[in-house]
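Model, not experiment: these values are computed from the prediction. Quick note on labels: first sequence line is chain A, next is B, and so on, each numbered from 1.
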2 protein chains.
Amino acid sequence: MSDADPLEAGAELLPPSATSDGTLRRLQEVALECFGERGYHGVSIRDLAKAAGIQPSSIYAHVRSKEELLFGISMLGHTTQRDTADAAVLAAGPEPADQLRAYVRAHVHMHATYRMLARVCNRELAALSPEHEQEVRGVRESSVRLLQGILSRGERVGAFTIADSFLVAAAIGAMGIRVAEWWEPGGEHTADEVADVYAELALKLVTKQQLVAK
Amino acid sequence: MSDADPLEAGAELLPPSATSDGTLRRLQEVALECFGERGYHGVSIRDLAKAAGIQPSSIYAHVRSKEELLFGISMLGHTTQRDTADAAVLAAGPEPADQLRAYVRAHVHMHATYRMLARVCNRELAALSPEHEQEVRGVRESSVRLLQGILSRGERVGAFTIADSFLVAAAIGAMGIRVAEWWEPGGEHTADEVADVYAELALKLVTKQQLVAK
DNA sequence: ACACTTCGCCCGAACGATCGTTCGGATGAA
DNA sequence: TTCATCCGAACGATCGTTCGGGCGAAGTGT
């Protein structure tokens, strides 16, 4: 393997829904790696250029500004999360438990598989311009609403027992988001394993407890 | 109230274990606010100076460098988390369920009450020097070990049923860490309420499920 | 009680480095 | 000829930090 790319050692950084190619794609990939490791403000245009193998000024042939590069990445990550979760839930059928399982599986799987993308999305919201931040938050909110809808409907039809819908949704979301911070490919668990375990854990959070004889 | 301080509108930024006072304390407080909102690299020495009401050069009468300011904050946050969790667990008695409840309550309560401190601690590990980062990670690890110890002992004595100790510990930790990102004083829930709910949710994660007749 | 020194804290000015970005021009494919 | 892409050089702004000095409180010798 002489064409081994240190950037893509066995793992894709961008999801299939990414439409960019060529230098712009490479730019987004190195931006993901750098932003994910050191943060948006901790990475300079010159850092990105060096990692991409081009000159700093050449970057501006592909993006209007550094912030727009972050915005593109952020939108891609958030829409990917929302779309995969939507699709998974739609394919899960009418049972609330199946819907919750599907949502958590998609959520967790995405945060592991594209963990750099997820990190940047969850950390750098404040680095966006006010307009861009609001646009991203809109996408984010629709995904949160989907989860809360599953929970409240599950409770309404008697499938779930939930103390506080908001708090439980926050807890379930948190489990997945944090996966992007510790999971790494080649580690103890595959992304699928984590997704499966966390889907069952999420179900435990909404299931009525039966007292077991002590 | 003419002495109202916009920095401390009804909430302490630093925990009681903070020993600093005077200008250094004020510096740590404004650093928490600024780092928490825009990130370590997104805040300049001049930003901090302006927020603290002093000149940029005056900062160096209290800290050796910007990174050392972050390190002090980071150590304070991590030791506070570890110590309050330790104390809570020790006071909880021998029952695994009580220990887990105590740990989660302390963990969550701290992440809500000192949310800016928790944010900086969880976000800016990579901004520390390698030596400082390792020192902080040491404190962090000891707290994680405490939680995992509670879980594994609880399973050993038959109080808990756990699919994967590491994954469950990560999930429980994640719930609390994320609280620092969305909770705010004066919101829907008090810190105590969230802590109580999440303590029960954590217990659900380690309790054997009973199949309820469908 | 006095003068004198020390020290903590703060200031304004400035250092070299690096920041995001722009510009004019070169190159090659369409 | 046009257009996308890249380059080297440079712009003004801002970065973290240093330096010399001012100033009031605390300590010291007499």
Name the pairs: protein N/O against N/O of nucleotides 21-25 of chain D, kept only if under 3.5 Å.
none

Can you name the side chain to side chain contact (heavy atoms under 4.5 Å, CB included) partners of [X], sequence neighbours left out?
X        : result
B/Glu141 : B/Arg145
A/Glu155 : A/Ile162
B/Thr80  : B/Pro15, B/Ser17, B/Leu76, B/Thr84, B/Met110
A/Ala102 : A/Ala88, A/Ala92

Specify the separation, in whole Å, of atom [atom1] of [X] and atom [atom2] of [N].
X       : N      : atom1 : atom2 : answer
B/Arg26 : C/dC10 : CZ    : P     : 12 Å
A/Leu27 : D/dT5  : CG    : P     : 12 Å
A/Leu24 : D/dA4  : CG    : C1'   : 13 Å

Please tabulate, one pair per line, each protein N/O and nucleotide N/O from nucleotides 25-30 of chain C that are separated by under 3.5 Å, including the distance.
none

By salt bridge (Lys or Arg N to Asp or Glu O under 4.0 Å), which residues pair with B/Glu68, not counting sequence neighbours?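 Here the qualifying residues are B/Arg64.
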Would you please name every residue forming a salt bridge (Lys or Arg N to Asp or Glu O under 4.0 Å) with B/Arg38, sequence neighbours left out?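 Scan of B/Arg38 (salt bridge (Lys or Arg N to Asp or Glu O under 4.0 Å), adjacent residues dropped) gives B/Asp47.
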What pairs of residues pass the ring-ring contact (aromatic ring centres under 6.0 Å, His included) test when at least one of them lies in residues 48-80 of chain A, not counting sequence neighbours?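 Sorted pair list: A/Phe71-A/His132.
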Output yes when at least one side-chain N/O atom of B/Gln55 is less than 4.0 Å from OP1 or OP2 of C/dC10, else no.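 So the side chain of B/Gln55 is outside the cut-off, no N or O lying under 4.0 Å from OP1 or OP2 of C/dC10.
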Can a side chain N or O of A/His62 be found less than 4.0 Å away from OP1 or OP2 on D/dA4?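 So the side-chain polar atoms of A/His62 never come under 4.0 Å of the phosphate oxygens OP1 or OP2 of D/dA4.
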Assign a letter to each nucleotide of nucleotides 16-24 of chain C from its 5' end: B, base within under 4.0 Å of a protein heavy atom; S, sugar-phosphate only; -, no contact. ---BBBBB-
By side chain to side chain donor-acceptor pair (under 3.5 Å), which residues pair with A/Glu131, not counting sequence neighbours?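 Testing A/Glu131 for side chain to side chain donor-acceptor pair (under 3.5 Å), a comparison that skips the adjacent residues, returns A/Ser129.
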Suppose we screen for side chain to side chain donor-acceptor pair (under 3.5 Å). Which residues come up paired with B/Gln28, at least two apart in sequence or across chains?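 Residues passing side chain to side chain donor-acceptor pair (under 3.5 Å) with B/Gln28: B/Ser20.
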Non-hydrogen side-chain atoms of A/Tyr40 and A/Val120 separated by less than 4.5 Å: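 Of all side-chain heavy-atom pairs linking A/Val120 with A/Tyr40, none is under 4.5 Å.
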Salt bridge or not for A/Arg140 and A/Glu135, using N-O below 4.0 Å?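 Answer for the salt bridge query: no.
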